Amino acid sequence: MPASFYKEGVSTSEPFSDPSFPAAAGSDDSYLARLNPEQRAAIETTDGPLLVLAGAGTGKTRVLTTRFAHILLTGRARPWQILAVTFTNKAAREMRERIGTLLGSPAEGLWLGTFHALCARMLRRHAEVVGLTQSFTILDTDDQLRLLKQVMEPWRIDTKRWPAPGLLGAIQRWKDRGLTPARVTPAEDTDFANGHARAIYEAYQTRLRQLNACDFGDLMLHVTEILRSQPDILAQYHRLFRYILVDEYQDTNTIQYLWLRLLAKNSSGQSNICCVGDDDQSIYSWRGAEVENILRFEKDFPGAQIVRLERNYRSTRHILGAAAGLIAHNGERLGKTLRSGRDDAEGDKVSVTAVWDSDAEARAVCDTAERLRGQGHSLAEMAILVRAGFQTRAFEEQLIQSGLPYRIVGGTRFYERSEIRDAMAYLRVLAQPADDLAFERIVNVPKRGMGPAALQKLHAAARADGVSLAIVTPRLLDNGTLKGRSGEQVRALMNAYASTHDILAREGHVVAAEHLLEESGYLDMWRQDRSPEAPGRLENIKELIQALADFPTLEAFLEHVALVMEKDENAQDARLSIMTLHGAKGLEFDCVFLPGWEEGVFPSQRTLDEGGLKGLEEERRLAYVGITRARKLAMIFHAGSRRIYANWQPSMPSRFLEELPDEHVSRHTSGGRQQRGLQAAQSLFSDGPVVASRTRRPSNADTPAPFQPGDHVRHARFGVGIVLSADRHQVEIVFETAGTKRLLSSFIEKL
DNA sequence: CGCCGTCGCTTTTTT
DNA sequence: AGCGACGGCG
């Protein structure tokens, strides 16, 4: 993140030193060349509300960035008068870079960032309105939970029935909907902890304010409250932002929508807001996103124009055809048909491969990847996209065996590692002695004899004096309340802080951080640790200290970490990527492997149970996202049985497979030994709708069921058993050892 | 105060 | 099966 991110952007004294601006206006519009008419419309319709429905691979990012540049180059606004919002830091970074390229100079002083980063910036300016100071801290999930647990204590809630994470979730959902404690109606309060949820929420917010802290949801909530209640502040932003650009609008939740609408609807009635999104790629409803926001756009912003980007420049015709056929099964859509923007690309059909079990699936995927590499495809251009994290393990093991380099995208992130969180907590106390949560985290790491009981005493004393833990502790040491062995160790910690403050003033934050972690004994704790992970942890802490050097101050660094939570990855060497379908949104690859297309896995049973038809449609959109990641090859796999937790479970092909139009799909079986069963599995696709068997229709099809109740049968995995019931596709069998299972008849051998 | 055993859960995830 | 959280015991 460039240092410019921290610059204040509201004042009109914002430096802008690009000599080419605005001289370029009108004189050179070469940046508009080679755009198709819809893209040009999306860029040149600058005034009034505009919704750009941008299908996968239709040049969305290009449109967004070119539009931004266009507004600047035609002199419609200065760089800091455009508000540009994205969901991820990655998207913000990419946009910033591309705008810089278009303008020919690094884009500085922009209001371009994620919802949360922009809100953090606004909140720092107006913190006092909601009872915080400008230097408030942003809590991570760990801190939130610990704080909530503390707050919950007086209620004596049965945490078995009402676990704290559940309540935290409820609070987050309220915040996502723009509900402060005061706005939560009694009717909404009944579902948690016997109706105490709202009261606890209120106490939690009070405690946050005492700590001069806010959680992630608060960034949006507080700023929206400020804009709602302070007309003068709102007017200030109305004057400032002449244009608003929003990426991934289909993923906005209610509070983000409210925030945007407040900023967009100024008194003059003119809203130059441009939202870009794709209702077919809305896959985050489970965390509060409201597709309705995009479906409702025309009503929210009267006179809105709509531009559809439907020409896809990414994928082959077969990939587009398969994806279009699939998504056509969804109900509520704004209606958009991807068509190929290229004349060349017929390409290969999307392949659907039936395999015996999840092991065979991993083998098939690895073998194919190896073969494709042999044909000249780089591993960097291949990805395995899974529905859920547990699926990655099988592929990892197989890839290791095959010696193919891979990377798991989206595992535990750097700033979530416990040693990094510890080190961060040390730094937070340094920057912000009022940060009790950070203090609590580190006061007994390494062990200093400060258990819960001792902490209680600290808390009591701090509350009595009305100061924070880090402030009250030296007093307790001086007046002898804290003494003995643990007292000495805590004294050493406080001395470490004292000397670090001196060093911070004299030598800067990098040296100070190193000094603090050294003097406090934290680094020694890991040096003395004999566990195999310890050296890696020390290495991570070293990296953390190095990362500090990229920031002007300790505070800037802490803010960055709180908002970004990611570290720049190393160079992209040629590795195959494994990631979830959610993680793959916005990315593209030549060759995409889509394993696990089985009922229960994908669509996920849980989503179906909880979300019903809406859930199913979201899963289908996820499938659509998966297929459209592929430029050249999309390869789907499904297995006949899969290991889930401890035991093997039979599995049915995903209903999505039948929804793929035959003319764009080629269906195969794969794998060695169980050839007969696999051929039978393939026949599933040729002799009738699989859906019939799934809905457990009795055997009324024209062909008789292949098995009768009482038949003795064998299954390669589960052994010998007796048929209980059977229809044309499915057989229910009691096995001697494996219990009762429903299986595809094609995998069963008659004895 | 800290360790060990048992219980329960187990999708997706950004910020 | 495997991990994390809590509770009881030493």
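Residue numbers begin at 1 in each chain, while the letters A, B, ... track the order of the sequences. Keep in mind it's a predicted model, so treat the numbers as computed, not measured. No hydrogens, no waters, no symmetry mates; every other heavy atom, side chains included, goes into these values.
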**Student:** Got a list of protein N/O to nucleotides 2-9 of chain B N/O distances below 3.5 Å?
**Tutor:**
none

**Student:** Side chain of A:Trp286, heavy atoms from C-beta onward: which of B:dT12, B:dT15, B:dT14 has the nearest atom to it?
**Tutor:** B:dT12
**Student:** With sequence neighbours left out, write down each residue that passes ring pair (Phe, Tyr, Trp, His ring centres under 6.0 Å) with A:Phe656, or none if nothing qualifies.
**Tutor:** A:Phe602
**Student:** Just compare B:dT13, B:dT12, B:dT15 and give me whichever is closest to any side-chain atom of A:Arg387.
**Tutor:** B:dT12
**Student:** In whole Å, I'd like the distance from the CG atom of A:Asp140 to the C1' atom of B:dT13.
**Tutor:** 15 Å
**Student:** Between A:Lys90 (NZ) and B:dT15 (P), how many Å, whole number?
**Tutor:** 10 Å
**Student:** Using 0.5 Å steps for rounding, measure from the CG atom of A:Leu385 to the CD1 atom of A:Ile578.
**Tutor:** 10.5 Å
**Student:** Looking only at side-chain atoms of A:Ala453, point me to the closest of B:dC1, B:dT14, B:dT12.
**Tutor:** B:dC1
**Student:** Apply side-chain contact (heavy atoms from CB on, under 4.5 Å) to the pair A:Gln432 and A:Asn212, showing each step before the final yes or no.
**Tutor:** CA-CA 10 Å; A:Gln432 184 65 265; A:Asn212 194 29; 4.2 Å; yes
**Student:** Can you see if the side chain of A:Asn89 gets near the phosphate of B:dT15 - specifically, an N or O under 4.0 Å from OP1 or OP2?
**Tutor:** yes
**Student:** Can you check whether A:Phe87 stacks with the B:dT14 base, using ring centres under 5.5 Å and planes within 30°?
**Tutor:** no
**Student:** My understanding is that only one of A:Glu361, A:Gln391, A:Gln649 makes a side chain to side chain donor-acceptor pair (under 3.5 Å) with A:Arg642; could you say which?
**Tutor:** A:Glu361
**Student:** Base, sugar-phosphate alone, or nothing: which one does A:Ala120 contact when heavy atoms must sit under 4.0 Å apart?
**Tutor:** nothing
**Student:** Would you please classify the geometry between the A:Tyr522 ring and the A:Trp526 ring as parallel, tilted or perpendicular, with 30° and 60° separating the classes?
**Tutor:** perpendicular
**Student:** Give a yes/no on whether any side-chain N or O of A:Lys149 is located under 4.0 angstrom from OP1 or OP2 of C:dC6.
**Tutor:** yes
**Student:** Test A:Phe115 against every option in A:Leu219, A:Ile255, A:Val246 by the side chain to side chain contact (heavy atoms under 4.5 Å, CB included) rule and name the one that passes.
**Tutor:** A:Val246
**Student:** Any idea which of B:dT12, B:dC1, B:dT13 is nearest the A:Ala454 side chain?
**Tutor:** B:dC1
**Student:** Using whole Å, what does the distance between atom C1' of nucleotide B:dT15 and atom CG of A:Leu123 come to?
**Tutor:** 15 Å
**Student:** Rounded to the nearest 0.5 Å, what separates atom CD in A:Gln205 from atom CG in A:Asp218?
**Tutor:** 4.5 Å
**Student:** If you compare every side-chain N and O of A:Thr580 against the phosphate oxygens of B:dT13 (OP1, OP2), does one of them come in below 4.0 Å?
**Tutor:** yes
